[in-house]
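These notes are about the structure you will find just below.
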Amino acid sequence: MSWEFTTTTAAQTQTIAERLGRLLQAGDLLVLSGELGAGKTTFTQGLGVGLGVRAGIISPTFVLVRIHPNLPDGPNPGGPDLVHVDAYRLGSAAEIDDIDLENTMDSAVTVVEWGTDRVEHLAASRLEVDLLRATGDAGTTPGHDEFDYTSEDDDESRLIQLRAIGPRWAGVDFAALAVE
Ligand SMILES: Nc1ncnc2c1ncn2[C@@H]1O[C@H](COP(=O)(O)OP(=O)(O)O)[C@@H](O)[C@H]1O
Ligand SMILES: [Mg+2]
């Protein structure tokens with residue numbers, strides 16, 4: 001099953017992710033894709049709020065993996081930790097295995113930026129989230145997407161595609177994540 005959401009601000013993207021974060025449990029795997037600056041880390045920050053984990057989620061690019069512990073005095077005490085991975089520099093599934101995500105998977109929600117074709121073997125089920133910064137301008141270029149190169153701090157529209165794969169997500173409807 002798949003769902004699509006459109007946001008016009010980074011805050012809206014975080015709101016969708018926060019709502020999703022409240023549905024997640026230990027063992028869940030999320031695979032995020034989208035070009036640099038598309039909003040993968042921004043989305044993960046929202047997940048962290050919904051999960052009730054320690055704040056301060058930043059791009060893990062130079063660290064590869066960061067663990068954000070669940071906050072005992074947060075909104076979701078006893079809930080899972082957040083393991084935030086950037087797989088951009090990890091070439092293969094074998095290199096992923098070297099960082100031992102299996103160890104933390106059972107007690108955490110594992111979110112992998114650039115994880116496509118690298119981490120699917122870690123779990124029987126997963127959510128795939130694609131963030132697209134294309135702003136369709138059907139008026140002038142029918143059938144084509146126009147890309148927006150304004151400053152990265154400016155709010156822009158994003159298309160968020162969510163695909164739910166595997167038995168964990170059977171029958172789960174994500175339509176209620178949408179923002180107005
Ligand atoms: N609708 C939107 N959703 C997400 N991010 C947005 C949006 N509009 C603008 N942005 C900005 O785009 C940038 C996304 O950066 P980041 O989340 O680090 O991307 P990535 O991790 O995919 O490289 C941020 O500066 C964010 O404020
Ligand atoms: Mg990032």
Side-chain angles (χ1 to χ4, degrees), residues 1-25 27-53 57-61 75-76 80 82-88 108-180:
M1 282 286 288
S2 67
W3 293 262
E4 284 194 350
F5 308 96
T6 316
T7 66
T8 53
T9 66
Q12 283 186 348
T13 293
Q14 290 178 329
T15 296
I16 287 177
E18 178 182 347
R19 291 174 183 173
L20 177 60
R22 291 194 207 116
L23 305 177
L24 298 176
Q25 299 172 357
D28 288 342
L29 173 67
L30 279 79
V31 181
L32 307 190
S33 63
E35 65 180 34
L36 195 68
K40 301 179 293 298
T41 299
T42 300
F43 188 90
T44 307
Q45 289 164 347
L47 287 174
V49 173
L51 284 165
V53 300
I57 292 172
I58 58 172
S59 173
T61 301
N76 185 27
L82 172 62
V83 171
H84 184 200
V85 185
D86 192 317
Y88 186 72
V109 167
T110 303
V111 178
V112 188
E113 299 190 27
W114 303 103
T116 306
D117 294 334
R118 293 174 166 120
V119 298
E120 289 83 355
H121 62 291
L122 291 172
S125 301
R126 65 183 180 272
L127 295 177
E128 296 181 349
V129 180
D130 295 348
L131 292 123
L132 298 149
R133 59 185 316 199
T135 56
D137 187 350
T140 54
T141 53
H144 293 273
D145 287 331
E146 291 219 327
F147 290 86
D148 197 341
Y149 291 105
T150 53
S151 154
E152 67 168 22
D153 289 330
D154 290 344
D155 285 323
E156 306 165 330
S157 59
R158 295 288 190 270
L159 177 65
I160 303 172
Q161 297 175 324
L162 174 66
R163 282 182 303 281
I165 294 156
R168 160 78 172 100
W169 303 111
V172 177
D173 185 1
F174 293 96
L177 302 182
V179 290
E180 286 308 312

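- Considering only heavy atoms from C-beta on, Leu29 stays 4.5 Å or farther from Val109 through its side chain.
- Shown here are the side chain to side chain contact (heavy atoms under 4.5 Å, CB included) partners of Arg118, two or more places apart in sequence or in another chain: Ala87, Ile96, Trp114.
- Taking every heavy atom of both residues into account, Arg168 and Leu23 meet most closely at NH2-O, 3.3 Å.
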Verdict with reasoning, Leu32 to Val111, per side chain to side chain contact (heavy atoms under 4.5 Å, CB included): CA-CA 7 Å; Leu32 307 190; Val111 178; 3.7 Å; yes

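- Residues satisfying the side chain to side chain contact (heavy atoms under 4.5 Å, CB included) test with Ala175, not counting sequence neighbours, are Trp3, Asp173.
- Taking CZ of Arg158 as the start and CD1 of Ile16 as the end, the distance is 12.5 Å to the nearest 0.5 Å.
- Identified under the salt bridge (Lys or Arg N to Asp or Glu O under 4.0 Å) test for residues 8-25, with sequence neighbours left out: Glu18-Arg22.
- Judged as a side-chain hydrogen bond (donor to acceptor under 3.5 Å, both in side chains), and not counting sequence neighbours, Thr110 has no contacts.
- Gln12 is linked by a side-chain hydrogen bond (donor to acceptor under 3.5 Å, both in side chains) to Thr8, counting only residues two or more places apart in sequence or in another chain.
- Remark: Thr15 OG1 to Leu177 CG distance equals 11.0 Å, nearest 0.5 Å.
- Leu131 approaches Thr13 most closely through the heavy-atom pair CD2-CG2, 4.2 Å.
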Full working for side chain to side chain contact (heavy atoms under 4.5 Å, CB included) between Leu127 and Asp28: CA-CA 8 Å; Leu127 295 177; Asp28 288 342; over 6 Å; no

Please table the atom pairs, donor to acceptor, closer than 3.5 Å between any side-chain atom in residues 42-53 and protein atoms at least two apart or in another chain.
| residue | atom | partner | partner atom | Å |
| --- | --- | --- | --- | --- |
| Thr44 | OG1 | Lys40 | O | 2.8 |
| Gln45 | OE1 | Gln14 | NE2 | 2.9 |
| Gln45 | NE2 | Ile57 | O | 2.8 |

Can you list, pair by pair, the side-chain donor-acceptor contacts under 3.5 Å of residues 159-167, counting residues two or more places apart and other chains?
| residue | atom | partner | partner atom | Å |
| --- | --- | --- | --- | --- |
| Gln161 | NE2 | Glu4 | OE2 | 2.9 |
| Arg163 | NE | Glu128 | OE1 | 2.8 |
| Arg163 | NH1 | Asp130 | OD2 | 3.3 |
| Arg163 | NH2 | Glu128 | OE1 | 2.9 |
| Arg163 | NH2 | Asp130 | OD2 | 3.1 |

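- The line from CG of Leu36 to OG of Ser59 is 8.0 Å long, rounded to the nearest 0.5 Å.
- Between Asp155 and Ala10, the shortest heavy-atom contact is OD1-N, 3.1 Å.
- Annotation: ring pair (Phe, Tyr, Trp, His ring centres under 6.0 Å) contacts of Phe5 (sequence neighbours excluded): none.
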